[in-house]
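One structure below.
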There are 2 protein chains.
Amino acid sequence: MKRLTLEEIGKLSGVSRATVSRVINNYPHIRPEIRERVQTIIDQTGYKPNVVARTLVSNRSNIIGLIIPSVVQQVFSDPYFPTLISGIARGCNANNLVLSLYLFDSLEDERNLFQAIIGTGLIDGLIVTTARRNQEMFDTLQESGFPVVFVGEPDDIAKTTFIDIDNITGGYTAAQYLLELGHRRIAIISTHINRSGESRLEGYRKALHEYGVPFDDHLVAYGDFSLDSGYSAMQSLIPHQPSAVFVTNDLMALGSLRALREAGLRVPEDVSVVSFDDLSPATQADPQLTTIRQPVQQTGKDAVTMLLGLINGDVQHPQHVFLPNELIVRASTGAVRSKSFRKQQEALDKGC
Amino acid sequence: MKRLTLEEIGKLSGVSRATVSRVINNYPHIRPEIRERVQTIIDQTGYKPNVVARTLVSNRSNIIGLIIPSVVQQVFSDPYFPTLISGIARGCNANNLVLSLYLFDSLEDERNLFQAIIGTGLIDGLIVTTARRNQEMFDTLQESGFPVVFVGEPDDIAKTTFIDIDNITGGYTAAQYLLELGHRRIAIISTHINRSGESRLEGYRKALHEYGVPFDDHLVAYGDFSLDSGYSAMQSLIPHQPSAVFVTNDLMALGSLRALREAGLRVPEDVSVVSFDDLSPATQADPQLTTIRQPVQQTGKDAVTMLLGLINGDVQHPQHVFLPNELIVRASTGAVRSKSFRKQQEALDKGC
DNA sequence: AATTAAGTTGAGAGCGCTCTCAAATTACAG
DNA sequence: CTGTAATTTGAGAGCGCTCTCAACTTAATT
């Protein structure tokens, strides 16, 4: 089935190409009967304008790109990215945008494709996830002046437009909740792979500080957001006998639960676990996780809106948005029980 | 930064637009010194051809679309789709294609966007997942004559090109393994939402038949691939005292484990569980799941290759590919133990 | 050396659309 | 009824590229 052109629709309805174009783009100043006649032909023929031709002249493709840096494999055992993608897709649907997805396999891919993406003039703007630090890509992006919205706070926020959740408050809330439950030996499993983890740690420290609990290096471990890393991190934490642990994402919390179980520790009786994300693993776990819910879908949706603002130029460039998060209490947390732990804590409390 | 054009590169290197085009597209019959001179200018300026203009004339965008039907939300608690997407993305990277993702929120979205996608001439071909039956979309697609590869066997395979794993053999293998372990009361949790589930059930029946075990309706339950549905299905199965259950995906297996645990049944001591997929939930579960591994990434990658064949016309159209799968034995299965169960089975065996 | 074949290049058309500009038509004021 | 302004339309240029065709140059053949 050969595709119709503007010209042909014009011929069929006895007007010029230009007039048909006007009808399609809803320009004023068209005689109603003409508009109607053309519209009828369009409907009858099922004509759709060729977006490629349109893009060529208008310089607007209505395609936006989503970049997810390498380590694709690992990335998808965590529902964070799928959820984010789905939010972004919704945002695109709502704004009549096409989403094109760039999942990189390697740093080399990133370097190559990357130039290719911006250079080709195909897409109008870019959403970039800060899954992992990548200064090189970041710099290229910044220099290009191309419309970019980062999801997740980058290290260098000066000239960047990004959206993130309020990780500091999230970390604070998690720790505060455990403190209010009476815990004093509160461990944390954080991460260095991006800034979010560090901000969550920062919130945790802030809460400890406010409650007069000294920060203890032995109670801090790091992972990479994967289940296995949470498992190892928890194993290294167990000898220091925390009565609670704040794990900075659900997947690592799953790993922590496994480590605790294998060590013969019950959750929440012996150790309370607070997690972060509230994605599917939180309710798949046993016990189900008390966790900080972050609005991942909404983040994606809003990122699209922000990017659209950038593209249209009706929004100022360095723009920072932080979304709120909320504590969801489930079965993995409880008040301090164990006498030995309590004794330790009292000793600690006295210590300050 | 203004984008350079072919014309300008030509001017800079003292040749015509056409010659530059030839250099870029690696045509033969160019004087080496000219080729080199032009290439130098291209490298120096960082010129990239405008893909939109190129698409307009060549009618090839090198963009392919991936359609994931509605119920996006639910879809992403199951890592199947993310994994598939990542496979497809790899296939695209390897073939220099851009992937554009269409996640639909509603049937209406599907109907609208759908015409929009094919009609606009933006994409060269389409990969469509058969996550859920949708005859209407299927028909539109077939009529259009547009290059389409389905992932997952559709109901009507006559004129369709699709790739899937060998679900029948997969189901057969799962059931056979349980039979070999001595199980006779083997339940199954399948699904009606697409053909895969039914094929797995078919394989299961085949195995039972070959081992002379009568098929028992009471031991069949259905879900929708979600954890909760697996949970309910298992609950409905427990009263019929299966000694093993074959659950047709990992996520429902997670639900089954929960139901079994709550009923006080141990896995694998009281009930063996074989699952399907071998995606992340399989190893996140406790106990880790014996499961049929399907090569989801590979499926995605191959789908891209097939689609490319279709687009280039160097592959015949109705083409059916089935990928093999393999049994992965983990901790959720064991030989029959319980006396009461064994007695039941003996009674049953005599019955045949 | 003459002829033919191959290699090498540029001019120009055209992909399907948008948008400017000017011409033609209609409306309204004096 | 004329002059002016607003409305309505089409012609044509042009977005940046590919591709055909013809012209010119060089190599191969007799």
Side-chain angles (χ1 to χ4, degrees), chain A residues 1-39 41-42 45-63 96 98 116 118-124, chain B residues 1-39 41-42 45-63 96 98 116 118-124:
Chain A
M1 58 165 204
K2 175 75 171 51
R3 159 161 301 126
L4 287 167
T5 69
L6 261 196
E7 194 76 51
E8 291 167 320
I9 297 293
K11 205 160 290 173
L12 285 172
S13 31
V15 297
S16 76
R17 173 171 26 108
T19 302
V20 181
S21 173
R22 289 187 184 103
V23 170
I24 287 169
N25 297 296
N26 270 313
Y27 276 89
H29 307 317
I30 305 187
R31 281 216 322 274
E33 69 249 44
I34 297 250
R35 160 163 279 140
E36 201 175 332
R37 193 184 340 145
V38 172
Q39 191 58 56
I41 300 284
I42 290 175
T45 56
Y47 167 79
K48 296 278 171 204
N50 180 319
V51 292
V52 178
R54 186 178 266 183
T55 300
L56 182 59
V57 32
S58 67
N59 253 318
R60 273 288 292 271
S61 65
N62 288 313
I63 305 178
N96 248 303
V98 170
I118 298 194
T120 55
L122 178 64
I123 62 173
D124 291 339
Chain B
M1 57 165 203
K2 174 77 169 49
R3 159 162 299 130
L4 287 168
T5 69
L6 261 196
E7 194 76 49
E8 290 165 321
I9 297 294
K11 205 161 293 173
L12 286 172
S13 33
V15 296
S16 75
R17 175 173 22 110
T19 302
V20 181
S21 173
R22 288 187 186 106
V23 171
I24 287 170
N25 297 296
N26 269 313
Y27 275 90
H29 308 319
I30 305 187
R31 282 217 322 275
E33 68 248 45
I34 297 247
R35 161 163 280 141
E36 200 175 332
R37 189 176 353 139
V38 172
Q39 191 58 56
I41 299 284
I42 290 176
T45 55
Y47 167 80
K48 295 280 171 202
N50 180 319
V51 292
V52 178
R54 186 177 267 184
T55 300
L56 182 58
V57 33
S58 68
N59 252 319
R60 274 287 293 270
S61 65
N62 290 313
I63 305 177
N96 248 304
V98 170
I118 298 194
T120 55
L122 178 63
I123 62 173
D124 291 340

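A, B, ... follow the sequence lines: proteins, then strands. Residue 1 opens every chain.
- Scanning DNA chain C 5' to 3' for nucleotides with an atom closer than 4.0 angstrom to a non-hydrogen atom of chain B gives a first and last hit of dG7(C) to dG16(C).
- Nucleic acid contact class of S58(B) (heavy atoms, under 4.0 Å, all strands): none.
- With sequence neighbours excluded, the residues satisfying salt bridge (Lys or Arg N to Asp or Glu O under 4.0 Å) with R17(B) are E7(B).
- Scanning residues 24-31 of chain B for heavy-atom distances under 4.0 Å to DNA chain C yields H29(B), I30(B), R31(B).
- Annotation: the span from L56(B) atom CG to T55(A) atom OG1 amounts to 9.5 Å, rounded to 0.5 Å.
- With rounding to the nearest 0.5 angstrom, the OG1 atom of T120(B) is 9.0 Å from the NZ atom of K48(A).
- Between the S13(B) side chain and the V15(B) main chain, no donor and acceptor come within less than 3.5 Å of each other.
- Along DNA chain C, the nucleotide closest to G14(B) and the one closest to V51(A) are compared, and the more 5′ of them pairs with G14(B).
- Note that the CD1 atom of I24(B) and the CG atom of L6(B) stand 5.0 Å from one another [nearest 0.5 Å].
- Comparing I34(A) and R17(A) against DNA chain D, the residue whose closest nucleotide sits nearer the 5' end is I34(A).
- Going from atom CG of L4(A) over to atom CD1 of I9(A) covers 5.0 Å, rounded to the nearest 0.5 Å.
- Contact annotation for V15(A): backbone-only contact, meaning every heavy-atom pair under 4.0 Å involves sugar-phosphate atoms and none involves a base.
- Residues I34(B) and T19(B) come closest through the heavy atom pair CG2-CG2, 4.0 Å.
- In this structure, I118(B) and R3(A) approach most closely via the heavy-atom pair O-NH2, 3.2 Å.
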